[in-house]
2 protein chains.
Amino acid sequence: MLTHAAEDYLKSIYKLQEKVGKVSTGILAEYLNVKPASATGMIKKLKTMKLVSHERYQGVTLTDAGRAIALEIIRHHRLLELYLFKALGVPWDGVHEEAEKLEHVISEDVEARMDEFLGYPTADPHGAPIPDKNGVVIKTTRIPMTDLRERQSCVVAEVSDTDSALLRHLGSFNLYPGTAFRVVEVAPFEGPFTIDVAGQQVVIGREVAKHVFVDDVQDPDNV
Amino acid sequence: MLTHAAEDYLKSIYKLQEKVGKVSTGILAEYLNVKPASATGMIKKLKTMKLVSHERYQGVTLTDAGRAIALEIIRHHRLLELYLFKALGVPWDGVHEEAEKLEHVISEDVEARMDEFLGYPTADPHGAPIPDKNGVVIKTTRIPMTDLRERQSCVVAEVSDTDSALLRHLGSFNLYPGTAFRVVEVAPFEGPFTIDVAGQQVVIGREVAKHVFVDDVQDPDNV
DNA sequence: AAATTATTTTAGGCATACCTAAATTATATA
DNA sequence: TATATAATTTAGGTATGCCTAAAATAATTT
């Protein structure tokens, strides 16, 4: 069996691979809040287990076996988040931290029961896709909110799950996955977005908008 | 924060203190499946944290602070068992193992939500009492089934939770906490018990009966 | 009381996973 | 191309928590 630390490394390598492509030791260490030397050590260990490929100074890549484990952990995490949210009413800005601890200890049996209870869901409370039991992830188009132009409408698809304060902020405007909004105004010089959510006008700073991803972008009818 | 190992030691010391009174290093080590030398090491560590008292060769005792932590962990464990059983349908012979891992990582917030969902219960699926938030345990009379005599009736109060096969065996006879039965026959020379459970006659071996504790013992009406 | 047996503790090792500091290798700049 | 800078790896150290083997202490038997 893998240690929790090893599982966290595999999960992080997977996420960074998705986000930035090549995963260097330094990037990985920064992401995990450890020193580069520690990352080197774990990478060597994972390599002996054939879970990653690695050539000195060239970055890490997951092997098929490593990716399978990474996706399993991510599935645990996201199912747990949704379960805590729906079954126990844990606020969405708290589920990430909680799931982070539980993902390493939950059994496949309990996971399957939660999956059934939730009706085999495909996204967590932040809109992130839940890999299925075989590690298959459904990828959908996700446009950063910062790409939107004035008068476009769209639906929130996903938001970053790590910053609890950001989530409370977005929650206060009802900006959950599934919520539709329309861009009223984009202030010039990288300024904030004014949007219309269910008839209410709300100002979203650019730094916040960078963490919101949308779907179903529609240009105004009267062009 | 305490390590999982330290929490397990405190919990075990508490349980052994209840069961056998004085807790020696050897007994503790055996209970935890570690060597006596390892137990000595952890006892020293817990002593520096003022969670146990210990004089060389004299056994361990929990301090008030140590007992509070032990009861907190036991509360986590038993609430989790009941939650897994009631909310997710995990069979009662599986909840112990599962809770054993979860008890160290569940937050007070999630625990409070499970407690509310369950309606502030006072016993786990095996009949063991759930300490309240302040560490208060309701103690009730628990007579070993082996003390019963022919024709007495009673109600199952509690069964050992650690042996999964035993639990499946008892479950197959519906011998859950709350189930009433009547002793039909006690075979001589430490032999098995024949009991009547809801009209069905069932034979319970003495070794099994040692792990069943009962309540509400009534002598036959026609004495 | 002395000797044997059992229990407990000390001493020294191993693996995990982190750290800092120094050495190495790669990359960018002059 | 040589040199400065940045990234990565190696080397050596810390803490946890387990182990075995040997020493110390306590309990039991003769």
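Chain naming here is simple, since letters A, B, ... match the order of the sequence lines and numbering starts at 1 in each. Every heavy atom of this structure was used, including side-chain atoms; hydrogens, water molecules and symmetry mates were not.
Taking B/Gln58 as the reference, nothing meets the side chain to side chain donor-acceptor pair (under 3.5 Å) condition, with sequence neighbours excluded. Taking B/Thr61 as the reference, nothing meets the side chain to side chain donor-acceptor pair (under 3.5 Å) condition, with sequence neighbours excluded. Checked against side chain to side chain donor-acceptor pair (under 3.5 Å), A/Asp163 has no partners two or more places apart in sequence or in another chain. By the side chain to side chain donor-acceptor pair (under 3.5 Å) test, A/Ser38 is found to be paired with no residue, residues two or more places apart in sequence or in another chain being considered.
Across the protein-nucleic acid pair, B/Met49 atom CE and D/dG17 atom C1' stand 12 Å apart, rounded to whole Å. B/Lys35 places its NZ atom 14 Å from the C1' atom of C/dT7, with the value rounded to the nearest Å. Following rounding to the nearest Å, B/Ile43 (CD1) and C/dT8 (P) show an atom-to-atom distance of 9 Å. One can place CG of B/Asp8 at 12 Å from C1' of D/dG17, the figure rounded to the nearest angstrom. Here the P atom of nucleotide C/dC18 and the CG atom of A/Asn33 are 11 Å apart, to the nearest Å. When the C1' atom of D/dT8 is taken as reference, atom CE of A/Met42 falls 18 Å away, rounded to whole Å. In this structure, A/Lys44 atom NZ and C/dA17 atom P are separated by 15 Å, rounded to whole Å. When rounded to the nearest whole Å, the span between CG of A/Leu46 and P of C/dT16 equals 12 Å.
Each of B/Gly41 and A/His4 has a nearest nucleotide on DNA chain C; the 5'-most of these lies closest to B/Gly41.
At least one side-chain nitrogen or oxygen of A/Thr40 sits closer than 4.0 Å to the OP1 or OP2 atom of D/dT9.
Closest to the side chain of A/Thr3, from the set C/dT16, D/dC18, C/dT10, is C/dT16. Which of C/dC18, D/dT10, C/dT8 sits closest to the side chain of A/Tyr9 comes down to C/dC18. Comparing C/dC19, D/dT16, C/dT10 by their nearest atom to the side chain of A/Val34 picks out C/dC19. Considering only the side chain of B/Ala5, D/dG17 comes nearest among D/dG17, D/dT9, D/dC19.
Of all the residues in residues 11-32 of chain B, B/Ser24, B/Thr25, B/Gly26 reach under 4.0 Å from DNA chain C with at least one non-hydrogen atom.
A 4.5 Å side-chain heavy-atom check between A/Val105 and B/His104 finds every atom pair outside the cut-off. A/Thr48 has its side chain out of reach of A/Lys44: every pair of non-hydrogen atoms, C-beta onward, lies at least 4.5 Å apart. You'll find the side chain of B/Val110 stays beyond 4.5 Å of the side chain of A/Leu102, heavy atoms only.
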Protein N or O to nucleotides 21-25 of chain C N or O, pairs below 3.5 Å:
from	atom 1	to	atom 2	distance (Å)
C/dT24	O2	A/Tyr57	OH	2.9
C/dT25	O4'	A/Tyr57	OH	3.3

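The aromatic rings of B/Tyr83 and B/Phe117 lie perpendicular to each other, with more than 60° between the two planes, well past the 30° mark.
Nearest approach of A/Arg142 to A/Ala128, heavy atoms of both residues: NH1-CA, 4.3 Å.
Pair check for D/dC18 finds C/dG13; Watson-Crick or G-U wobble, both atom distances under 3.5 Å.
B/His54 comes within 4.0 angstrom of the backbone, heavy atoms only, and of no base.
Of the charged side-chain nitrogens involved, at least one lies within less than 4.0 Å of a carboxylate oxygen, so that A/Glu207 and A/Lys210 count as a salt-bridged pair.
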